[in-house]
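To start, the structure itself, in C-alpha cells.
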Amino acid sequence: MEEKVHTRLPDDLPLDSSLDVNIKNILTMTDKSSDVIIKNGKVCGCNIAVLTCEGMAGTSTLAELIYSKLNHVGNTENTPPDMLMSRLFEVYLVAAEQLDIKNIGDLILKLQSGFAIILVDGCRRGIAIGVQGYKSRGIDEPSAELNVRGSREGFVEVIRTNMAMIRRRVKSPTLVFDLYPIGKRSNTDICICYISDKVSPKLLEDVRKRLKNVDLDMILESGYIQPFLEGKGGWFFSECGTCERPDTFAAKLYEGRVGILVDGTPFGLIVPHLFIESFQTLDDYTQKPFYAFFIRLVRLAAYFITLFLPGAYVAIASFNPEMLPSALILNLAAAEQTAPYSLLIECLFIHFMYEILREAGIRLPRPIGHAIGVVGGLVIGDITVSAGLVGAPMVLIVALSGLCSFVVPTMYEKIVILRFIYILAGGLFGLYGLLIAAGAVAVKMCSLNTYGVPYMAPISPFSPKASRDMFVRSGWRRLAKSSVTIQGLNGSDIAEG
Amino acid sequence: MTAENKISPQQLFCVLLMSELSSEIVYPVSSTGAGGEGVLAILLAELIRFALALPVIIYSFRGNAFYAAAYRRNRFFGWIAAVFAALLLVGAACRTLLYSAEFTQRTVIAGTSAAVIFVISAAFAVYAAVKGAEAMARTGVLFLVASGIITVAVMLADIPYMSFSEIRHYRTEYDGLFGDIVKRVLHGGDYLIFAALLPYVRAEKGSAGKTALFFSLFSTLGSILLFVFGIVSLREFYGHTEYPFAAAASLSDISLFKRLDGLGCAMWALCAALRAGLMLFGAYAAIKEITDCIRVKKAEVREAGA
C-alpha cells in the first residue's frame, strides 16, 4: 500500500490473507502511532495477532475475555486458518459485542473505539471484540439543569452510557437508537434516538439528511453539529434544544421529537425546539399542577421583566412619566438629578458593566469569581451611585433584570442582546420604539418553522389540546388522555409522512 | 392544501379584527362634533363596505383564490381587479402609516417628528410583509390579545369616570352623517386584505366565508363598543378630540401604572403598522395570484403546442 498521510479511513480496502501485510497496512494507516499495541502469538499452528489501542481497552476485560481463553485453546493440532477463525468466533471467544471485520477502515475504526482485534495469518477476516475500558467521568447531577425532585442522573461524556440511561427509562421496543460515526477525521460516534411510533417519518428523514450534510473534520461537542440541524432562523433563535438529563430527553422523545447524542459531551440535542420549552422543567411534572402553573407564570414574568424592564424604564421615565404614580416620579427625579448622563446612556453603561462583571465571574477560578460578585455588586454599584454617575433606581433595575435572566437560563444569550436593543429603542423612541422593536422580534419568531413545526406553537398558532401543558400544567390524568405529539400541534407540517 | 396555506380561518378573523380596530383607534374622528360619529354611521358604513365586498364574500364560500377565479372567468377583468386592488391596498397602507404616525406623535412620543415615526412604522410594515402571511397572521393574533387586554384594562380603569346617561342624551346630527359614512368606508381595506389572503387560508369549503361574516359582525360590535366607551368616558368633550380612545385612556388610573394611555396607544399604533404590513402583503399577493395564473396558462399553451 502506498505510504501517505491518511485523513480518512478507507472503506474499500479489504483485509489481506497475510497477517504481515495486514499489520503493515494498519501501521501505515495509523502512521505507527504509539498507542497501537500488537501482540503476536500462535494458536493451533497459526500465527495470530491481537491488536488493541492503549488506554481505550480495559486490561482486565482483555485478559479475561481474550488472553485467558486463547491460552486454553489446544495448541497441539494444526488447524486451517479459516476454520480457526470460525472456531474463535463461534466457540472460544464469545463476548457480548463481537463483530466480523472485513476491511481495514472498519478495523481501524473499531480499534480506535476501544475494541480488541484478532487477526489470523491466512485469513481475510478479523474479529473485533468489545473490551472498551477507557476512563470516564462517573454519572453525576447535571450542572445546568438542576431540579428539586426526580433523578439526580445527568448525561456523561460516554455515548453508550447515555444510551443506556435512556433505555433504562424507556424499556420499549419502539425506542430506537441509530449509532454511527461522523466527522471525517474525528469519526465521532453520534446516535439518533427516537420512538418509532411517535416520531414523524418526515422529521426523522429531515434530521438524517441534515446530519448527512455535516461536513466537518472534527466533532468534539454537540455544539459543532448544532448549526447544521438549525434552519434559517437558527442564527438567533435556537431551533435545536440541548438537554443534559436522560429523563427530560426521554420525555421529549415521547412527544415525537428526535434526539441526537454525541460522544464526548454530556449535552444531547433535541429537535424540533419550540419557544415554550424554555419555560418548562422536569419539576413542573412532579409538583402539584397548581404550583407548576404558578412557577411557569413566575418564569414567564421573569422573562418579560429581564427583557423589557430596562427598556421600559428608560422609555417611560424619558417619554411618558405620566404613566407612573406622582410619588414615584418625584423619587426618580430626585435620584436622577445628580446623574450626569441621560437615562439611555446610564442604562446602556450599567448593563454593559454588568455583563463584564458576569463574564469575569464565570471565567475566573471559583473563589475569585465569588469575590468579583461581591466587588461588582457591592463596591462598584455603591460607588457609582454615591459618585453620582448612575441613579440608584437604575442599579435596582439592572439587579432585577440580571436576577430574572437566570430564571430562564436557556435563553440567556438572546435575552442579553435583545435587552440592549430594547434599551436603545426605548431610549430613542419611547414606548412606541420599544414596542416596534418587540413587534419585529415577534414577527421574526412567528415566521420561524422549525422542522415544519411553528416555533411559537402552541401559543400562536394556538393548539387547545396542547394548552393543557402550556402555561397551565394539567394533572396527569388529563395529560395522559391528551398525549400531544409535536406533529399534532396546529400549523405543524410534519403530520403526513 | 399546499405547504404555504398556513393561515387558519380563526387567525384570519383575528388579523382582520385587529386591523379594523386599529384603524378605528388611530384614524382621527371628525372634530366638528360628536354628530355623525354615531352608531348609525358605523352601521351604515359597515353595510356599504359589506355590500361592496359581497362578490368576494360570496366567492369565499366556494373557493380560495378570488382574483384567479376572476381571471379564469375573464382575463381582462381579472387583471384589472387585481391591479386595482393592489393599488388600493398600497394607498391604504400609506394612509394607515401616515395616520398612525400622526396618532403616535400626538399621543405617545410628542417630541419626535411624525416623519421619523412614519419611516419606522413603514420599515416595520415592509419587514412584516416580507416575512409573509403566516408570520403576520400568527403575530396578529398575539397583538390582538395584547391590545385587547390593555384596552379592557383601560376600560375597567375608566369606570369611575363613565356616565352612561350620556348615551340617552346623545343625538345623531344628520348633517355630518354622510361625511362620516364616506370617511368610514374609505378607512376600510380590510375586505381587500381578506380577498388577497384567501389563497393562504387553510380551510374547508365555506370556512373563509363564515370568517368574513363573523368579522363583519364583530368589527361592527367592536367599533360600536369603542364609540360608546368614548362617549360615556369623555361625555361632552368627545366632539373636541380627534382620538377619543387616547383621550379616554388618559383618564385611566390603576394602581401599578398611573395611566395606561401611553402603553395602549403605542400598542394600537403597532397594530396599525402590522395592518399596513398586511396591506402591502395583500397587494403583492393579489398581483402574484394573477401572474401565477398567466404562467400556468402560458405553460398550458406551450404544452398544447408541443
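The structure presented is a predicted model; accordingly, all values stated were derived computationally and were not measured. Chain letters run A, B, ... following the sequence lines, proteins first, then strands; residues in each count from 1.
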How far does [atom1] of [X] sit from [atom2] of [Y], to the nearest 0.5 angstrom?
X        : Y        : atom1 : atom2 : answer
A/Leu435 : B/Cys271 : CG    : SG    : 9.5 Å
B/Ile109 : A/Leu431 : CD1   : CG    : 9.0 Å
A/Asn320 : B/Leu260 : CG    : CG    : 11.0 Å
A/Asn449 : B/Lys6   : CG    : NZ    : 4.5 Å
A/Tyr432 : B/Ile120 : OH    : CD1   : 6.5 Å

Among [options], which residue has the highest count of heavy-atom pairs closer than 4.5 Å to chain B?
options                      : answer
A/Ala312, A/Gly430, A/Gly491 : A/Gly491
A/Leu434, A/Ile436, A/Asn490 : A/Ile436
A/Ser318, A/Ala437, A/Ala440 : A/Ala440

Interchain contact, [X] with chain A, by part (heavy-atom threshold 4.5 Å):
X        : answer
B/Ser121 : both
B/Val108 : both
B/Val145 : neither
B/Thr112 : side chain
B/Met267 : both

Taking the side chain as every heavy atom from C-beta outward, state whether [X] and [Y] have any atom pair closer than 4.5 Å.
X        : Y        : result
A/Cys446 : B/Leu142 : yes
A/Pro461 : B/Gln11  : yes
B/Ile117 : A/Phe429 : no

Shortest non-hydrogen separation from [X] to [Y] and the atoms involved:
X        : Y        : answer
A/Ser460 : B/Val141 : OG-CB, 4.1 Å
B/Lys131 : A/Ser447 : CD-OG, 3.6 Å
B/Gly262 : A/Met323 : CA-SD, 4.4 Å
B/Phe143 : A/Gly439 : CZ-CA, 3.7 Å

Query raised in the report: Could you go step by step and tell me if B/Arg138 and A/Met456 meet the side-chain contact (heavy atoms from CB on, under 4.5 Å) rule?
Result: CA-CA 8 Å; B/Arg138 290 174 191 168; A/Met456 289 298 282; 5.6 Å; no

Query - salt bridge (charged side-chain N to carboxylate O under 4.0 Å, His left out) contacts touching residues 325-335 of chain A (sequence neighbours left out) - result: none

Report summary line: For residues 415-434 of chain A, the salt bridge (charged side-chain N to carboxylate O under 4.0 Å, His left out) pairs (sequence neighbours left out) are A/Glu355-A/Arg419

So does [X] have more than 12 non-hydrogen atoms from other groups sitting under 6.0 Å from [atom1]?
X        : atom1 : value
B/Lys210 : NZ    : no
B/Tyr161 : OH    : yes
A/Phe228 : CZ    : yes

Report task. Give the C-alpha distance, both sets of side-chain angles, the deciding distance and a yes or no for side-chain contact (heavy atoms from CB on, under 4.5 Å) between B/Tyr127 and A/Val443. Result -> CA-CA 8 Å; B/Tyr127 176 72; A/Val443 170; 4.0 Å; yes

